Amino acid sequence: MSDNETTHINEEETTHINEEEIRLQKRETLIKAGKSPYKYAFNKTHHCQDIHDTYGTITHDDTIEETVNIAGRLMAKRGHGKAMFGNIQDGSNSIQFYINVNGIDADVFETVALFDIGDIISITGTPFRTKRGELSLRIKQSDLLTKALLPLPEKYHGLQDKELRYRMRYLDLIANPDVRKTFKKRSAIVSSIRHFLEKDDFMEVETPVLNNTYGGASARPFTTHHNELKQDLFLRISLELPLKRLIVGGFEKVFEIGRVFRNEGVSYKHNPEYTLLELYQAYADYEDMMSLTETLLSELVKKQTGTYILNYQGQDLNFEPPFQRYTFEKALKDFADVDMNNYEALFKKATELKLDPSEGISKGTLIMDIYDACVESKLIQPTFMMDHPWETSPLAKKHRDNDTLVERFELIISGMEIANAFSELNDPVDQEARFKDQEKARKSGDDEAHVMDTDYINALKYGMAPTGGLGIGIDRIVMLLTDSHSIRDVLFFPHMKDKP
RNA sequence: GAUUCGGUAGCUCAGCUGGUAGAGCACCUGACUUUUAAUCAGGUGGUCGUGGGUUCGAACCCCACCCGAAUCACCA
């Protein structure tokens with residue numbers, strides 16, 4: 001590559017070909033010249049952020065002796081004849097570089113001149129501050145590590161098209177630095193939850209995703225097939241039943257952070273697969289779970305924001321414990337003006353609300369339908385909704401003071417269900433009766449009713465200690481903490497329909 | 001599933017009442033030794049989501065479909 005014939009693109013050859021073809025030609029030229037455009041490794045001494053941290057205070061008059069090696073993606077290039085500026089971005093940050101023909105091999109200048117935006121390059125150079133005051137690297141050496149064949153999105157607006165951003169998240173991450181921040185934060189949140197639980201002696205476990213049956217929630221499953229065993233299998237819809245079997249087995253504090261799969265609609269707060277945290281603690285009840293939830297979330301918010309106040313979509317949410325509490329009885333009175341102990345009144349209310357209650361609908365279902373219609377979306381501040389009707393909670397223990405209720409709570413924030421917990425039902429006789437009740441509901445058309453799990457009943461027959469259980473929707477927590485309106489913005493690869 | 005909005009160059013977007021398809025960025029050529037959305041001059045680049053229809057003529061009007069977004073419904 002010592003002469004211009006092999007390096008400069010001939011105008012006549014390129015006027016009618018696209019950018020990818022131009023770059024493919026550069027790739028060919030490099031390979032023919034024995035310079036691979038796909039190197040094997042590079043020994044970095046610094047990330048861009050390290051240079052900002054170390055040399056952030058130098059002035060235009062300072063001379064730095066240290067030479068640094070960095071590598072990353074070329075994001076911008078500004079040629080000035082015999083000088084050139086550009087920006088390189090790595091996983092930490094980006095930094096400007098500068099090169100001019102003085103005191104440098106012509107080869108190096110030519111190499112840099114031939115880089116295309118999007119190429120992954122290395123730079124060896126010395127930090128300095130430009131006249132205009134920007135911390136930069138003066139290039140001594142530079143190399144192409146990976147050739148990029150496709151041009152990047154527009155440098156100023158980035159990639160805006162939501163469909164492209166979700167379908168080609170890699171490009172979104174390159175072009176939109178805020179997106180990377182969101183996902184770094186997601187990682188930090190999960191890590192901080194994990195450490196919180198480990199510090200509290202919870203043991204992290206893994207249970208199967210593929211199961212012979214499914215349960216622990218009311219949802220339709222995804223079904224798949226094992227060829228060799230000639231049997232249908234289900235992707236889990238929750239983590240609950242295997243984890244409670246571990247409590248039977250003698251572990252006292254377990255948790256799992258795992259993907260669950262629900263064969264239901266897609267919306268700004270629903271994705272067919274999402275991440276659930278479930279934890280179970282022996283010798284605890286739902287009051288203990290409430291305190292744990294308050295501590296976990298308030299500490300998380302404090303760690304992320306420095307206060308208990310979190311601004312979400314323009315509203316300040318206050319996570320200072322204790323969170324407000326509402327029983328279903330009081331909520332239905334306050335928000336729907338109906339007595340939840342009066343079946344006729346509930347039925348009348350549901351009819352007024354055009355919920356179209358069917359003949360013989362259970363009181364519990366009426367209560368939940370009215371709650372969904374009148375209450376949930378109005379609960380903005382962190383609120384524990386507690387003491388649900390027993391009929392819609394087949395895995396929760398009856399309330400100690402009222403056997404038409406269960407000891408259960410859901411945590412609602414900004415109208416979204418964030419957590420769900422019970423004093424776990426551990427009476428196998430009651431559990432079996434509840435499952436049979438669910439089977440009846442299933443037969444009368446409720447395809448989300450819980451299915452019978454005889455092995456789980458069997459496990460309970462050996463005795464499960466009194467247990468508190470808690471489930472938290474990780475994606476929704478991340479939505480709150482990153483002020484994301486849609487669950488798609490906190491999933492790297494949200495589910496998208498196939499393009500034809 | 002319903003309603004509304006959107007799909008035009010690689011990206012960000014204009015395109016009026018139906019009359020030859022536009023700009024900026026990127027790219028190519030040239031100029032330029034401290035710029036930073038660099039600048040200046042000149043260029044390349046289009047199956048206007050898909051398929052029908054109306055019309056002398058459709059990016060534009062009509063119908064159907066595909067994909068996406070928002071709101072609702074569904075989803076404890």
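No experiment lies behind these values; they were computed from the predicted model shown.
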Just how far, in rounded Å, is [atom2] of [N] from [atom1] of [X]?
X: K77(A); N: C32(B); atom1: NZ; atom2: P; result: 17 Å
X: M75(A); N: A26(B); atom1: CE; atom2: P; result: 13 Å
X: I139(A); N: U35(B); atom1: CD1; atom2: C1'; result: 14 Å
X: I95(A); N: U35(B); atom1: CD1; atom2: C1'; result: 15 Å
X: Y326(A); N: A76(B); atom1: OH; atom2: C1'; result: 20 Å
X: H80(A); N: A38(B); atom1: NE2; atom2: P; result: 9 Å

_Contact residues, residues 345-366 of chain A to RNA chain B [heavy atom, < 4.0 Å]_ = none
*Identify, residue by residue, the members of residues 125-137 of chain A with a heavy atom below 4.0 Å from RNA chain B, and return them in order of residue number, or none.*
F128(A), T130(A), K131(A), R132(A), E134(A)
Say we look at [N] and [M]: how far apart would their [atom1] atoms be, to the nearest angstrom?
N: U8(B); M: G46(B); atom1: C1'; value: 8 Å
N: C60(B); M: G49(B); atom1: C1'; value: 15 Å
N: G52(B); M: U47(B); atom1: C1'; value: 16 Å
N: C16(B); M: U33(B); atom1: P; value: 45 Å
N: G22(B); M: C62(B); atom1: C1'; value: 27 Å
N: U36(B); M: C25(B); atom1: P; value: 14 Å
N: C27(B); M: C11(B); atom1: C1'; value: 12 Å
N: A59(B); M: G19(B); atom1: P; value: 10 Å

Please determine, by modelled atom types, if [X] and [Y] share a side-chain donor-acceptor pair under 3.5 angstrom.
X: R138(A); Y: N100(A); answer: no
X: K244(A); Y: T467(A); answer: no
X: T59(A); Y: D61(A); answer: no
X: Q160(A); Y: H157(A); answer: no
X: Y274(A); Y: R476(A); answer: no
X: Y214(A); Y: D453(A); answer: no

Distance below 4.0 Å between [X] side-chain N/O and [N] OP1 or OP2:
X: R220(A); N: A76(B); value: no
X: R488(A); N: A69(B); value: yes
X: H485(A); N: A70(B); value: yes

For [X], answer base if it contacts any base atom (sugar-phosphate contacts may also be present), sugar-phosphate if it contacts only those atoms, and nothing otherwise; contact means non-hydrogen atoms under 4.0 Å.
X: E417(A); value: sugar-phosphate
X: D372(A); value: sugar-phosphate
X: R23(A); value: nothing
X: M84(A); value: nothing
X: Y371(A); value: nothing
X: R262(A); value: nothing
X: A76(A); value: nothing

Partner of [N] by Watson-Crick or G-U wobble geometry, both contacts under 3.5 Å, or none?
N: C16(B); value: none
N: A41(B); value: U29(B)
N: G24(B); value: C11(B)
N: U34(B); value: none
N: A70(B); value: U3(B)
N: U47(B); value: none
N: C60(B); value: none

*Using the salt bridge (charged side-chain N to carboxylate O under 4.0 Å, His left out) rule, take K348(A) and E352(A) through it: C-alpha gap first, then chi angles, then the decisive distance, then the call.*
CA-CA 6 Å; K348(A) 187 160 160 263; E352(A) 279 169 27; 3.8 Å; yes
*asked:* Looking at every non-hydrogen atom in both residues, tell me the closest pair between R129(A) and T57(A) and how far apart they are.
replied: NH2-N, 4.2 Å
*Map V266(A) and V101(A) onto RNA chain B by nearest heavy atom, then report which one ends up closer to the 5' terminus.*
V101(A)
*Would you mind telling me which residue lines up with the more 5' stretch of RNA chain B, H495(A) or S393(A), judged by nearest nucleotide?*
H495(A)
Among [options], find the nucleotide with the atom closest to the side chain of [X].
X: Y156(A); options: C27(B), A37(B), U33(B); answer: A37(B)
X: R78(A); options: G68(B), A38(B), U33(B); answer: A38(B)
X: Q96(A); options: U34(B), U35(B), C28(B); answer: U35(B)
X: E410(A); options: A76(B), U33(B), A69(B); answer: A76(B)
X: K497(A); options: U34(B), C67(B), A76(B); answer: C67(B)
X: K162(A); options: U33(B), A69(B), C67(B); answer: A69(B)
X: S218(A); options: U33(B), G68(B), A76(B); answer: A76(B)

*Do the ring planes of F261(A) and F222(A) sit parallel (below 30°), tilted (30 to 60°) or perpendicular (above 60°)?*
perpendicular
*Using the six-membered ring wherever Trp is involved, compare the ring planes of Y456(A) and F435(A) and label them parallel, tilted or perpendicular (cut-offs 30° and 60°).*
tilted
Between [Y] and [X], does any NZ, NE, NH1 or NH2 come within less than 4.0 Å of an OD or OE carboxylate oxygen?
X: E391(A); Y: K440(A); value: no
X: E407(A); Y: R400(A); value: yes
X: D437(A); Y: R434(A); value: no
X: K443(A); Y: E439(A); value: no

*For the rings on F85(A) and Y98(A), is their centre-to-centre separation under 6.0 Å?*
yes
Any N/O pairs under 3.5 Å between the protein and nucleotides 7-12 of chain B? List them or say none.
from   : atom 1 : to      : atom 2 : distance (Å)
C11(B) : O2'    : E154(A) : N      : 2.9
C11(B) : O2'    : G158(A) : O      : 3.2
U12(B) : OP1    : Q160(A) : N      : 2.9
U12(B) : OP1    : D161(A) : N      : 2.8

*Check each of L150(A), N18(A), L149(A) against R23(A) using the side chain to side chain contact (heavy atoms under 4.5 Å, CB included) test, and report the only one that passes.*
L149(A)
